[in-house]
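Everything below concerns the one structure shown next.
Quantities reported herein were computed from a predicted structural model and do not represent experimental measurements. Just so it is clear, the values below take in all heavy atoms, side chains as well, and ignore hydrogens, waters and symmetry mates. Residue numbering restarts at 1 for every chain, and letters A, B, ... go by the order of the sequence lines.
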2 protein chains.
Amino acid sequence: MKEQFRLDNQLCFRLYTASRLLTQAYNPLLSGHGLTYPQYLVLLVLWEKDSQPVNDIAKRLLLETNTVTPLLKRMEAEGILTRTQGKKDARQMIVTLTKKGRDLQDELACVPETVGSAVMCKSVNRDTVPALFETLDGLIKQLSQR
Amino acid sequence: MKEQFRLDNQLCFRLYTASRLLTQAYNPLLSGHGLTYPQYLVLLVLWEKDSQPVNDIAKRLLLETNTVTPLLKRMEAEGILTRTQGKKDARQMIVTLTKKGRDLQDELACVPETVGSAVMCKSVNRDTVPALFETLDGLIKQLSQR
DNA sequence: TATATTTGCATCGTGAACGATATAATTAAC
DNA sequence: GTTAATTATATCGTTCACGATGCAAATATA
């Protein structure tokens with residue numbers, strides 16, 4: 001048995017598992033508002049800057065438009081946002097929050113802190129998170145440039 | 001705009017993105033052998049210890065059996081493994097690699113190194129990976145205990 | 001031994017991810 | 001001004017992740 005193949009030596013398995021479990025931690029906080037975790041990410045993007053074309057949202061999240069489009073359509077069906085054809089460029093669909101979408105920011109105000117405190121532990125804390133962020137940012141940059 | 005909601009401050013978005021991108025790095029290496037990344041994880045588990053019940057595989061990967069079962073059935077259809085009813089406990093399905101499944105270990109021998117070198121960069125290297133592993137392990141432990 | 005509970009696995013439905021492909025609008029080249 | 005190439009979305013098919021539920025075998029309890 002090669003050491004390289006040991007599950008405990010895999011970075012990807014750790015990232016995959018950590019990502020799944022952390023998403024699971026968000027779900028109970030979001031589901032009451034009819035949201036999934038990727039939909040919450042879209043809200044984060046739109047709260048920062050409203051009325052963006054689909055493409056900009058996808059690029060910000062490093063996702064493809066064929067992933068984002070059905071997600072946005074579900075959010076539109078929920079009345080969280082609207083999709084309107086662009087005026088300058090008729091190919092673009094401009095995504096804009098509704099009042100309901102904007103109001104969700106206040107309703108979800110406690111989410112970051114709740115998840116944050118669920119995550120904090122001996123090895124994840126104020127001292128370790130900056131290095132973790134830096135390493136993950138480097139990894140993401142490395143992987144998205146190819 | 002609350003600082004807590006900034007996408008760039010989210011641990012989960014980093015993990016989610018890093019996990020997706022790293023999985024994408026595996027796909028071209030696996031797809032030629034008819035494998036997906038989660039199927040590769042199953043192989044890692046079975047190469048370490050063959051002939052395990054579904055439940056043990058699921059627990060090792062921190063997945064639910066309703067995720068693993070269809071995945072195993074696809075792998076069985078590909079001739080990579082067999083699923084046979086347990087003798088001691090008839091509720092258990094024992095998963096065993098076929099010759100094809102065992103041979104895949106040699107065929108995929110270069111995968112860990114190939115992905116490893118694709119990942120290595122200024123911020124992900126011999127010096128930073130141990131701390132990254134430790135932090136992620138702590139996070140996974142924290143999140144799986146609730 | 002009969003009944004109740006637990007356990008292992010499977011099925012179903014929904015929402016993502018993503019490659020491949022399609023369509024329509026825009027832009028570039030000729 | 002046509003035609004060609006590019007760009008912005010959308011559609012389709014396959015695989016996962018996971019909650020809810022079902023079922024049968026095993027175990028605990030009466």
Which atom pairs link the protein and nucleotides 12-16 of chain D when you take only N or O atoms and keep those under 3.5 Å?
unit_1, atom_1, unit_2, atom_2, d
dC16(D), OP1, Thr36(B), OG1, 2.1
dC16(D), OP1, Gln39(B), NE2, 3.0
dC16(D), OP2, Arg74(B), NE, 2.6
dC16(D), OP2, Arg74(B), NH2, 2.3

- [ ] Ignoring backbone atoms, test whether Gln24(A) places a side-chain nitrogen or oxygen under 4.0 Å from the OP1 or OP2 oxygen of dA17(D).
- [x] no
Task: Donor-acceptor under 3.5 Å (Gln142(A) side chain, Ala118(B) main chain) - done: yes
- [ ] Starting at atom CG of Leu72(A), determine the distance to atom P of dA8(D), rounded to an integer number of angstrom.
- [x] 16 Å
Open item on the list: Does dG8(C) have OP1 or OP2 under 4.0 Å away from a side-chain N or O of Thr65(B)?
Closed with: no
Task: Sidechain-backbone polar pair: Glu107(A) side chain, His33(A) backbone, donor-acceptor under 3.5 Å - done: no
Open item on the list: As a quick check of understanding, evaluate side chain to side chain contact (heavy atoms under 4.5 Å, CB included) for Val45(B) and Phe13(A), giving each step before the final call.
Closed with: CA-CA 11 Å; Val45(B) 170; Phe13(A) 176 57; over 6 Å; no
Task: Arg20(B) CZ to dG15(C) P, straight-line distance once rounded to whole Å - done: 19 Å
Task: Any Lys73(A) side-chain N or O less than 4.0 Å from OP1/OP2 of dT9(D) - done: no
Identify the pairs formed between an N or O of the protein and an N or O of nucleotides 22-28 of chain D at a distance under 3.5 Å, and give each distance.
unit_1, atom_1, unit_2, atom_2, d
dA26(D), OP1, Ala90(B), N, 3.0

Open item on the list: Between Thr17(B) (side chain only) and Arg14(B) (backbone N and O only), is there a donor and an acceptor less than 3.5 Å apart?
Closed with: no
TODO: Tell me whether the OP1 or OP2 atom of dA10(C) has a side-chain N or O from Thr69(B) closer than 4.0 Å.
DONE: yes
Open item on the list: Once you apply a heavy-atom cut-off of 4.0 Å, does Glu64(A) come out as touching a base, just sugar-phosphate, or nothing?
Closed with: nothing
Open item on the list: Just the rounded figure in Å: distance from P of dG15(C) to CG of Asn27(A).
Closed with: 12 Å
Task: Main-chain N/O of Asn125(B) paired to Thr128(B) side chain as donor or acceptor, under 3.5 Å - done: yes
Task: Gln4(A) backbone acceptor or donor facing Gln10(A) side chain under 3.5 Å - done: yes
- [ ] Return yes if a side-chain donor-acceptor contact under 3.5 Å exists between Thr96(A) and Ser51(A), otherwise no.
- [x] yes
TODO: Please determine if Arg6(A) and Glu3(A) form a salt bridge, counting it only when a charged side-chain N lies under 4.0 Å from a carboxylate O.
DONE: yes
- [ ] Residues of residues 49-62 of chain B with any non-hydrogen atom less than 4.0 angstrom from an atom of DNA chain C: list those, numerically ordered, please.
- [x] Pro53(B), Val54(B), Asn55(B)
- [ ] Can you spot which of Leu62(B), Leu143(B), Leu61(B) makes a side chain to side chain contact (heavy atoms under 4.5 Å, CB included) with Arg20(A)?
- [x] Leu62(B)
Task: Between dG15(C) (P) and Tyr26(A) (OH): distance, integer Å - done: 21 Å
Task: Main-chain N/O of Leu7(B) paired to Glu48(A) side chain as donor or acceptor, under 3.5 Å - done: yes
- [ ] Check the pair Gln39(B), Glu78(B) against side chain to side chain contact (heavy atoms under 4.5 Å, CB included), reporting the backbone distance first and the verdict last.
- [x] CA-CA 11 Å; Gln39(B) 290 175 6; Glu78(B) 294 286 326; 5.8 Å; no
